[in-house]
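Nothing fancy with the numbering, it's 1 onward along the sequence. Note that this is a predicted model, so its numbers are computed, not measured.
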Amino acid sequence: MASNKIIIYQIFTRLYGNRRQARKANGTLEENGCGKLNDFTPAILKDLQKRGITHVWYTGVIRHASQTDYSAYGIPRQHPAVVKGKAGSPYAIADYYDIDPDLAVNVDKRMKEFEQLVSRTHKAGLKMIIDFVPNHVARQYHSICAPKGVKDLGEGDNEQNGFDPQNNFYYCPGQAFAPYLDLYHGETEPYHEEPAKATGNDCFNNAPGQNDWYETVKLNYGVDYYAGRVGRFFPMPNTWQKMTDILLFWASKGIDGFRCDMAEMVPAEFWAYATKEVKKQYPELLFIGEVYNPNEYRRYIASGFDYLYDKVGMYDATRDVICHRQGTSAISHAWQQTDDIRQHMLYFLENHDEQRVASDFFAGDGRKAVPALIANMLLQQNPFMLYAGQEYGERGMDAEGFSGRDGRTTIFDYWSIDTLCRAASGQLSEEEQQLADIYNKVMKIAQKEKAVSEGLMFDLMYVNQQDQRRYAFLRRSEKSLLLVVVNFDDVPVETAITLPAHAFDYMGIKENTYTATDLLSDTKTKLTLKRDAAVSVSLMPRSGVVYKINA
């Protein structure tokens, strides 16, 4: 497959390979089990590659705060009052230089097992992405695995200053940590922190609430929030070099990219420095940023990010279209807002933060997103990401423990994912298997067709405004033309898609009657393409066609 279409498969690592069916709410590691790095066998990885996936994002591999006691292995125990869930949040990092011991078969060899996973991933023809969590750490952060001579975060901080550009943390001098939660949490001694450090979600007092990120501490990149977010970047803040060194440490392990958590909460000036330093040594390494403010997109791209989440634009618009809250012109509007940076936008329908499509809170059925999948995957050359289980219609409707029944797959609890367990044992329902087959077909089209990975795009909606449940566009490479039409309606339709004269000129299309093959059903049909004339297309409910014409 000679293609540059990036398709990222997000895997929540501790859940993916866990086949235990106990699923006890608030269950311990022993009760509910945990997936391991070694579960990603050469056969499993090769299967992902054959499906059209190019990159695997292994979520939650760096050691984070957990209520599981690994002190027998020399790993500091975390106080449960400042850990969310038995397994803990993978975004409350406890040691940037360590691997989560839950994921290891042999805890003492956990870094070796990670390095072997890097090797297996590459041998399967896949690239590897891991999380970099730059904005905050676990409250009891302490590195036991940092290279010799590396000073720990907070070591040497002047705790008498709320802000100091050379401190790693922000402080509340003279005040103890006093959040609105139980500081004992079943322990004989309460959690104690004095002076209190500022909390990860920019809570600069000693009393974060239950909905704050109370289990985390905000890192200080030289932004003086007490003086109104003034950047004090000269001389270079201490945190900049420490965090750049962490990026270089993981890059040296052979990974191919970082998904940077809450990147916009860290100043763009740091990213400009860090990405440049890393790419000097690893020029091909990708930086994917979680940035939600569209006004900041171009600044973060200019600071070295290769791709940014298109959440507030394309994801929100597509979700509304799936749920019939907006018409399909919303999709056109979404891509037009970022057309100048379209190659940098990462499209997705699910990730660990968002509700599952099939959940009761979203569409109630994974099949309802099929037209959105086709449109998002094939519309542009930019990357697409899917979340493990999405392709089977995973519902995310479990009440796992700390994570309640919210339509999301837990990131806090020990658990196993129903559809992934049944897929592994060949027990998917007919509907689930059909959905997975559609995902595989669309991914293979994205990889195989140069019209998708390299070609031009022409949105047909401006001359088809009357039909707000359908979405249609053209893709064109030197040798082929694709006409993509999708139906967001719950009923079958016969629709007429007008092809404007401008499309013929822009795409270099000649008026003619062609034999077209629908790449989704492998059926052939005759299509007459004429300027400012309509093409009749039959569509099943929540489906689409991808007509290929060899032109």
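Between H55 and Y307, the distance separating the two ring centers is not shorter than 6.0 angstrom. Residues Y58 and F114 place their aromatic rings such that the two centres sit no closer than 6.0 Å.
Salt bridge K86/D413: absent, no basic N to carboxylate O contact under 4.0 Å. A salt bridge between D306 and K279 is present, with a side-chain N of the basic residue lying under 4.0 Å from a carboxylate O of the acidic one. Using a 4.0 Å cut-off between charged nitrogen and carboxylate oxygen, E187 and R77 count as a salt-bridge pair.
Heavy-atom minimum distance, W250 versus I255: O-CG1, 3.5 Å. Taking each heavy atom of V291 and E264 in turn, the nearest pair found is C-OE2, 3.4 Å. Considering all non-hydrogen atoms of both residues, L346 and F348 come closest at O-CD2, 3.7 Å. A pairwise comparison of heavy atoms in R408 and E354 identifies CG-O, 3.6 Å as the closest pair.
For the pair Y16/D39, no side-chain contact is recorded, criterion being any heavy-atom separation below 4.5 Å from C-beta on. With a 4.5 Å cut-off on side-chain heavy atoms, Q140 and Y191 count as touching. Between S89 and F402, every side-chain heavy-atom pair lies at or beyond the 4.5 Å cut-off.
Using cut-offs of 30° and 60° on the angle between ring planes, the pair Y96 and Y141 is tilted. The aromatic rings of F305 and Y300 sit tilted relative to each other, their planes meeting at an angle between 30° and 60°.
The side chain to side chain donor-acceptor pair (under 3.5 Å) search around R367 returns D365, not counting sequence neighbours. Every residue two or more places apart in sequence or in another chain that forms a ring-ring contact (aromatic ring centres under 6.0 Å, His included) with F204 is listed here: Y170, Y225, Y226.
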